[in-house]
Amino acid sequence: MRLFCSFLLTIAALAAEPADWIWTGRYVVTMDPQRRVIENGAIAIRGERILAAGSKSEIERRYQARQRLDRPDAILAPGLIDTHTHAAMSLLRGIADDLRLQDWLEHYIFPAEARNVTPEFVRWGTRLGCLEMLVSGTTTYTDMYYFEDVVAEATKEAGMRGVLGETIIGFPSPDAKTPQDALAFTERFLSRFHDDPLIVPAVAPHAIYTNSDETLQACRALSNRHGAPLVIHLSETKRENEECIAKRKMTPTKALDALGVFNGRTVAAHAVWVDESDLAILKARGVGIAHCPSSNMKLASGVAPVTRMLALDLAVGLGPDGPAGSNNDFNMFEEMDLAAKLQKVFTGDPRNLPAAAAVEMATIRGARALGLEREIGSLEPGKRADLISIRLDRPNAVPLYDVYSQMVYALKGSDVEDVMVNGRLLVRDAQALTLNAAQIEAKASEYREQVQKSLR
Ligand SMILES: [Zn+2]
């Protein structure tokens with residue numbers, strides 16, 4: 001009998017398809033079109049991609065894996081997608097808070113950047129940003145900064161996925177004297193990271209009020225020539241809108257549309273001061289929106305009409321924005337929580353932006369905002385193996401009635417235990433495997449000394 005059983009097991013093993021990994025968990029939150037949540041579920045992975053998501057018994061019957069990760073008391077979910085941030089500014093975290101945007105920029109950020117931002121600063125700042133993002137469950141992030149080639153190198157070294165945009169701005173920056181220099185830099189950057197498995201290089205004109213019309217149009221033409229997304233700040237403050245209306249007799253959304261800036265893949269950050277006709281344009285042009293609730297609250301920028309955006313089915317994702325003074329961290333669990341609560345207080349209706357919608361914004365809807373919904377954002381066969389596990393054996397995680405409610409209102413980034421990007425395990429047992437945390441944290445303290453001295 002025993003011989004017969006082992007014979008059957010051998011037959012089963014022979015019949016099973018090979019996989020590199022099987023992950024099992026108490027709940028698998030797939031975010032697939034049916035929004036399946038699979039109790040006692042599992043994911044099979046081969047190479048860079050997901051083979052299948054299903055019940056543990058089914059996956060174990062179908063696949064024979066070289067490696068396993070069993071988390072009987074955890075949620076398995078798609079990796080979280082950050083649609084707007086500035087990673088390297090992590091080295092300026094908390095440099096000055098509780099100020100008006102203009103004071104903060106003119107007296108702290110611009111002088112600190114002018115005196116300190118070098119390729120090495122950007123490398124260490126990006127490493128610190130990636131470390132914090134990875135251990136809190138972010139697997140893809142969207143960046144706008146300087147020396148974006150160095151950002152891309154550091155992101156690849158961490159093993160993370162990035163939509164990375166070189167900033168183009170109408171005054172001298174740390175890596176370009178003129179917008180023409182920045183455009184030339186961007187063109188080299190786009191060519192260098194073309195077809196990279198982890199990096200989507202992007203063109204990032206800072207905003208309408210910091211660039212000439214010619215530069216904005218050149219940015220669109222450049223991104224379309226390379227099939228790259230264009231990322232931009234849009235209607236973040238009331239002042240931006242008032243100045244634009246005074247100068248052009250139209251809102252920033254209408255002005256950018258009139259310039260043709262939305263004629264191609266676009267991700268617009270903030271969209272706080274947008275009216276119904278602006279939303280119609282953003283919808284018609286398929287513009288992805290990065291909603292940044294922490295930043296909008298901390299800088300008193302206002303509240304983006306996200307409830308309305310969702311009713312129109314716009315591709316709205318979430319972003320932490322700036323670690324230096326407008327947030328000051330990269331925690332996507334916090335952004336989900338704040339996005340949901342901010343819409344409730346804004347509309348006076350607690351039914352708006354429910355937990356499941358917030359998880360959607362941090363995963364599949366965020367992927368849509370970036371134009372990457374065929375590759376990431378859900379746990380489905382054929383998609384990139386970008387996934388996380390979140391512990392459920394903590395006081396704040398029990399009891400569990402609804403996984404979405406738990407993810408948005410109770411669980412924290414610090415509950416993330418394992419992280420995989422593109423089939424590669426980057427965090428295990430809450431420890432980063434590709435980045436040297438002690439070294440990065442020591443370096444951050446060194447930079448603090450340097451930045452403080454430079455401002456004296
Ligand atoms: Zn920003």
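- With rounding to the nearest 0.5 Å, the separation of OG1 in Thr434 from NZ in Lys156 is 13.0 Å.
- The neighbour count for Arg115 CZ, taken as heavy atoms of other residues, nucleotides or ligands under 6.0 Å away, is above 12.
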With side chain to side chain contact (heavy atoms under 4.5 Å, CB included) as the criterion, how do Asp415 and Asn396 come out once you've worked through the C-alpha distance, each side chain's angles and the decisive distance to 0.1 Å?
CA-CA 9 Å; Asp415 296 323; Asn396 61 307; 3.0 Å; yes
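- For the pair Leu198 and Met160, the minimum side-chain heavy-atom distance is 4.5 Å or more.
- Side chain to side chain, Tyr141 and Thr83 fail the donor-acceptor criterion of an N or O pair below 3.5 Å.
- Taking the side chain as every heavy atom from C-beta outward, Asp313 and Lys283 approach each other to under 4.5 Å.
- At distances below 3.5 Å, not a single donor-acceptor pair connects side-chain atoms of Glu375 with backbone N or O atoms of Arg384.
- Tested against Arg285 for a side chain to side chain donor-acceptor pair (under 3.5 Å), the candidates Thr253, Thr266, Asp257 yield a single pass: Asp257.
- Looking at heavy atoms from C-beta onward, Asp175 lies out of side-chain contact with Tyr145 at the 4.5 angstrom threshold.
- In terms of heavy atoms, Ala271 sits closest to Ala304 at O-CB, 3.5 Å.
- A salt bridge is defined here as a Lys NZ or Arg NE, NH1 or NH2 lying under 4.0 Å from an Asp or Glu carboxylate O, and Arg365 with Glu373 fails to meet this definition.
- Under the 4.0 Å criterion applied to side-chain N and carboxylate O atoms, Lys298 and Asp97 are assigned as salt-bridge partners.
- Taking the side chain as every heavy atom from C-beta outward, Val316 and Leu310 approach each other to under 4.5 Å.
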Test side chain to side chain contact (heavy atoms under 4.5 Å, CB included) on Lys249 and Ile245; report intermediate values, then the result.
CA-CA 4 Å; Lys249 310 274 174 285; Ile245 290 165; 5.9 Å; no
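- In this structure, CG in Leu190 is found 11.5 Å from CG in Asp149, a value given to the nearest 0.5 Å.
- To the nearest 0.5 angstrom, Met420 atom CE is 13.0 Å from Leu134 atom CG.
- Taken from OG in Ser90 to CD1 in Ile440, the straight-line distance is 9.5 Å, to the nearest 0.5 Å.
- At a cut-off of 3.5 Å, with distance as the only test, a side-chain donor of His270 or Asn296 sits close to an acceptor on the other residue.
- A donor-acceptor pair under 3.5 Å is formed between the side chain of Glu240 and the backbone N or O of Glu236.
- Using a distance-only test at 3.5 Å, with no hydrogens or angles considered, a donor-acceptor pair links the side chain of Asn327 to the main chain of Pro320.
- Residue Arg239 qualifies as open at atom CZ: its count of foreign heavy atoms under 6.0 Å is 12 or below.
- Salt-bridge formation is not detected for the pair Arg391/Asp418: no Lys NZ or Arg NE/NH1/NH2 atom is positioned less than 4.0 Å from an Asp or Glu carboxylate oxygen.
- The structure places CG of Asp386 at 6.0 Å from CG of Asn422, a figure rounded to the nearest 0.5 Å.
- Of all heavy-atom pairs between Ala112 and Val451, the closest is CB-CG1, 4.3 Å.
- The line from OG1 of Thr186 to CD of Glu148 is 9.0 Å long, rounded to the nearest 0.5 Å.
- The backbone N or O of Ala87 lies less than 3.5 Å from a partner atom in the side chain of Asp143, making a donor-acceptor pair.
- Looking only at atom types and distance, the side chain of Glu380 has no donor-acceptor partner in the side chain of Thr30 under 3.5 Å away.
- Although no hydrogens or angles enter the test, the distance criterion places a donor-acceptor pair under 3.5 Å between the side chain of Asn211 and the main chain of Ile168.
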Just do the ring-ring contact (aromatic ring centres under 6.0 Å, His included) check on His86 and His233 with the steps written out, would you?
CA-CA 12 Å; His86 312 275; His233 293 101; 5.5 Å; yes
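- When side chains are defined from C-beta on, Glu113 does not count as touching Phe121, because their heavy atoms never get closer than 4.5 Å.
- Between Arg71 and Asp429, at least one side-chain N (NZ, or NE/NH1/NH2) sits under 4.0 Å from a carboxylate O, which counts as a salt bridge.
- Remark: the backbone N or O of Leu279 is not paired with any side-chain donor or acceptor of Arg308 at under 3.5 angstrom.
- Two residues are said to be in side-chain contact when any heavy atoms from C-beta on lie closer than 4.5 Å; Leu76 and Val29 fail this criterion.
- Under the 3.5 Å distance criterion, the side-chain polar atoms of Trp124 are left unmatched by any main-chain donor or acceptor of Tyr447.
- Counted by atom type alone, His226 and Glu187 present one or more donor-acceptor pairs between their side chains at under 3.5 Å.
- Of the possible polar contacts, none joining the Lys412 side chain to the Phe333 backbone as a donor-acceptor pair under 3.5 Å is found.
- Judged by distance alone, with hydrogens and angles left aside, the side-chain atoms of Glu335 form a donor-acceptor pair with the main-chain N or O of Ser294 at under 3.5 Å.
- Of all heavy-atom pairs spanning Pro205 and Leu216, the tightest one is CB-CD2, 3.9 Å.
- With no hydrogens or angles considered, no side-chain donor-acceptor pair links Thr118 and Glu120 at under 3.5 Å.
- Under 4.0 Å is where a charged nitrogen must lie from a carboxylate oxygen, and between Asp275 and Lys254 at least one such pair does.
- Taking the ring centroids of His84 and His291, they lie at or beyond the 6.0 Å cut-off.
- In summary, the side chains of Asn116 and Ser454 do present a donor paired with an acceptor at a separation below 3.5 Å, with no hydrogens or angles considered.
- In this model, no donor atom of one side chain and acceptor atom of the other lie less than 3.5 Å apart for Arg93 and Asn328.
- A salt bridge links Glu360 with Arg35: the distance from a Lys NZ or Arg NE/NH1/NH2 to an Asp or Glu carboxylate oxygen falls below 4.0 Å.
- For Phe185 and Tyr146, the distance between ring centers is not under 6.0 angstrom.
- Taking 4.5 Å as the limit, every side-chain heavy atom of Thr237 sits out of range of all side-chain heavy atoms of Val272.
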Stepwise, does the side chain to side chain contact (heavy atoms under 4.5 Å, CB included) test hold for Asp213 with Arg248?
CA-CA 12 Å; Asp213 293 358; Arg248 302 166 183 268; 2.8 Å; yes
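- Looking only at side-chain heavy atoms (C-beta outward), Asp329 and Pro323 stay at 4.5 Å or farther from each other.
- In terms of heavy atoms, Gly317 sits closest to Ala369 at N-CB, 4.1 Å.
- With 3.5 Å as the limit, one finds no donor-acceptor pair spanning the side chains of Arg220 and Asn263.
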Assess whether side chain to side chain contact (heavy atoms under 4.5 Å, CB included) is satisfied between Val117 and Val122, documenting all intermediate values.
CA-CA 7 Å; Val117 175; Val122 169; 3.8 Å; yes
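- Side-chain contact annotation: Asp349 with Thr347, donor-acceptor N/O pair under 3.5 Å absent.
- Side chain of Thr210 to main chain of His206: no donor-acceptor pair is present (N/O by atom type, distance under 3.5 Å, no hydrogens or angles).
- For Asp181 and Lys177, the salt-bridge test fails: no basic side-chain N is under 4.0 Å from an acidic carboxylate O.
- Electrostatic pairing of Glu153 and Arg192 counts as a salt bridge here, judged by a charged N lying under 4.0 Å from a carboxylate O.
- In this structure, Lys443 pairs ionically with Glu446, as a charged nitrogen and a carboxylate oxygen lie closer than 4.0 Å.
- Looking at Glu48 and Arg424, no side-chain N of the basic residue comes within less than 4.0 Å of a carboxylate O on the acidic one, giving no salt bridge.
- There is a side-chain donor-acceptor pair under 3.5 Å between Thr251 and Asp278.
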